[in-house]
Amino acid sequence: MQMLLMTPGPTNVPERVLEKMKNTQCHHRTKEFGRIFGELNEGLKYVFQTKNPVLTFPAAGTGGLEAAIVNLFSPGDRVLAVSIGVFGDRFIEIGRTFGLEIDVLEIPWGRGATLEELEGALKDEHRALILTHNETSTGAVNPIREIGEWMKEKPQLYVVDAVSSLGGSEIRMDDWHIDVLITASQKALMSPPGLTFIGVSDQGWEQVEKAKLPRYYWDFKKARKDMEKPSPQNPYTPAVALIGAASEAIKMMQEEGLEAVFERHRILAAYFRQEVEKLGLPFYTHPDYLSDTITAIATTKGEEIKKIMETKYGIVIAGGQDQLKGTMIRVGHMGYVNQEMIDRTLTALKGALEEVC
Ligand SMILES: *Cc1c(COP(=O)(O)O)cnc(C)c1O
């Protein structure tokens with residue numbers, strides 16, 4: 001049975017993207033690869049909505065978070081990090097691992113931060129504000145556009161983890177004054193796992209010049225120098241086939257149009273939640289902070305529901321992470337997702353509920 005991946009990553013990959021991956025088998029020091037990589041780089045600027053180059057590394061999203069930390073900071077730098085869930089905590093843990101002094105603004109899980117909360121927490125001595133856009137563990141979003149408007153006049157770098165939203169919910173890196181924006185291939189970007197993408201603003205690059213944390217594999221300057229060659233390259237062996245896949249996936253997004261992609265996600269998320277409500281299930285997330293790419297449903301029967309949906313219906317969803325285990329199920333509706341997939345998921349959820357109740 002072909003499983004339907006309705007998890008918050010990895011997500012379903014279209015046949016066209018898999019086909020392209022299969023057919024991208026060139027050597028990475030050839031013009032042919034340079035052409036494919038160049039196409040990806042241009043496409044990434046479009047999905048990030050930025051004029052600056054977007055870097056690609058073969059890694060999980062977590063690698064992208066670590067890469068950002070080691071390229072932007074020096075030991076002992078003080079930053080403010082906002083945590084609204086497991087992924088906010090992870091970013092903090094990475095920063096601390098590399099010796100940053102992190103002040104944490106803890107927001108009760110299930111919602112996003114407010115500007116008032118941030119205003120009281122960001123201090124002159126902070127070099128950056130770090131936060132998660134779409135908190136995949138709780139289904140809540142931070143209002144990054146509003147925060148970006150507020151950050152515009154501030155000297156601190158604005159660093160955003162958008163691993164589970166970029167390509168699914170509206171994000172405009174340049175217009176929203178984001179300095180460093182991190183995502184990965186396997187969530188809303190319709191590609192297999194294995195690539196992380198990082199956009200860096202002009203102010204971000206100034207900071208990269210000054211930052212002293214050790215780095216080798218993750219070196220942004222080396223990566224940029226190679227990607228800006230007439231035939232774009234990578235310092236080390238890139239994930240050639242995945243680059244072909246991601247480039248094709250972004251081509252599909254360009255054909256659909258970014259606005260239409262966002263609209264599809266908004267409509268499907270609203271429809272899915274409306275139907276879930278009809279089943280009498282409560283949401284974990286505060287209604288003012290709902291994500292367009294993932295829904296967290298509060299239930300203590302998550303493990304049983306998950307198992308039935310998977311074995312009987314071929315639909316994979318996720319449970320709660322870490323301390324949220326046993327409190328919820330999470331359904332991803334991002335990337336290559338359509339009405340029919342949502343309906344199949346709802347049918348399976350309904351069937352599973354009938355069995356467990
Ligand atoms: C999935 C995710 C990550 C980590 O991505 P991996 O590829 O699993 O390392 C980081 N942040 C957010 C918000 C995510 O959803």
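These numbers come from a predicted model, not from an experiment. Note that the numbering runs from 1 along the sequence shown for the chain. Indexing begins at 1, ligand by ligand and atom by atom, following the structure's order.
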Peer 1: Please check if any side-chain donor atom of Asp226 sits under 3.5 Å from a side-chain acceptor atom of Tyr236, or the reverse.
Peer 2: no

Peer 1: Is the contact between Thr62 and ligand 1 made by the side chain, the backbone, both, or neither, using heavy atoms and a 4.0 Å cut-off?
Peer 2: both

Peer 1: For Thr7 and Arg330, which I'm curious about, is there any donor-acceptor pair between the side chains at under 3.5 Å?
Peer 2: no

Peer 1: Report, in ascending order of atom number, the atoms of ligand 1 lying under 4.0 Å from any heavy atom of Asn134.
Peer 2: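 Every atom of ligand 1 under 4.0 Å from some heavy atom of Asn134: 13 (C).
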
Peer 1: Could you tell me which atoms of ligand 1, counted from 1 in the order shown, lie closer than 4.0 angstrom to a heavy atom of Val163?
Peer 2: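 Under 4.0 Å from Val163, ligand 1 has these atoms: 1 (C), 2 (C), 3 (C), 5 (O), 10 (C), 11 (N), 12 (C), 14 (C).
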
Peer 1: List every atom of ligand 1 that sits less than 4.0 Å from any heavy atom of Ala60, numbering the atoms from 1 in the order shown and giving each element.
Peer 2: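 This gives 6 (P), 7 (O), 9 (O) as the contact atoms.
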
Peer 1: Is any NZ, NE, NH1 or NH2 atom of the basic residue among Lys251 and Glu39 found under 4.0 Å from an Asp or Glu carboxylate oxygen of the other?
Peer 2: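 Looking at Glu39 together with Lys251, the answer is yes, because their closest N to O distance falls below 4.0 Å.
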
Peer 1: Would you mind listing which atoms of ligand 1 come within a distance below 4.0 Å of any non-hydrogen atom of Thr136?
Peer 2: 12 (C), 13 (C), 14 (C), 15 (O)

Peer 1: Any idea which protein heavy atom is nearest atom 6 (P) of ligand 1, and the distance to it?
Peer 2: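 For atom 6 (P) of ligand 1, the nearest protein heavy atom comes out as Gly61 N, 3.4 Å.
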
Peer 1: At what distance is the nearest protein heavy atom to atom 10 (C) of ligand 1, and which residue and atom is it?
Peer 2: Phe87 CD2, 3.3 Å

Peer 1: Heavy-atom contacts with Thr132 under 4.0 Å: which atoms of ligand 1 show up? List them by number with element.
Peer 2: 13 (C)

Peer 1: Would you kindly specify which portion of Thr196 sits under 4.0 Å from ligand 1, judged on non-hydrogen atoms: side chain, backbone, both or neither?
Peer 2: neither

Peer 1: How close does the nearest protein non-hydrogen atom get to atom 11 (N) of ligand 1, and which residue and atom is it?
Peer 2: Asp161 OD2, 2.7 Å

Peer 1: Using 4.0 Å as the upper bound for N to carboxylate O, is an ion pair formed by Arg224 and Glu228?
Peer 2: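 A salt bridge links Glu228 with Arg224.
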
Peer 1: I'd like to know if Glu93 pairs up with Arg96 as an ion pair, taking the criterion as any Lys NZ or Arg NE/NH1/NH2 lying under 4.0 Å from an Asp or Glu carboxylate oxygen.
Peer 2: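 Salt bridge absent between Glu93 and Arg96.
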
Peer 1: For atom 8 (O) of ligand 1, what's the nearest protein heavy-atom neighbour? Residue, atom name and distance, please.
Peer 2: Gln186 NE2, 4.0 Å

Peer 1: Output yes when Arg266 and Asp292 qualify as a salt bridge under the 4.0 Å nitrogen-oxygen rule, no when they do not.
Peer 2: no

Peer 1: Salt-bridged, Lys22 to Glu19, with N to O below 4.0 Å?
Peer 2: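 Yes, charged N to carboxylate O under 4.0 Å.
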
Peer 1: Can you tell which part of His133 has a heavy atom less than 4.0 Å from ligand 1: side chain, backbone, both or neither?
Peer 2: neither

Peer 1: Report yes or no: does Arg90 have a heavy atom closer than 4.0 Å to ligand 1?
Peer 2: yes

Peer 1: Do Val160 and Ile182 have side chains that approach each other closer than 4.5 Å (heavy atoms only, starting at C-beta)?
Peer 2: no

Peer 1: Return each pair, listed once, that meets salt bridge (charged side-chain N to carboxylate O under 4.0 Å, His left out) where at least one residue sits in residues 179-191; pairs must be two or more places apart or across chains.
Peer 2: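 Residue pairs passing salt bridge (charged side-chain N to carboxylate O under 4.0 Å, His left out), neighbours aside: none found.
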
Peer 1: Assess Lys187 for proximity to ligand 1: is some non-hydrogen atom of it under 4.0 Å away?
Peer 2: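 Right, Lys187 reaches ligand 1.
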
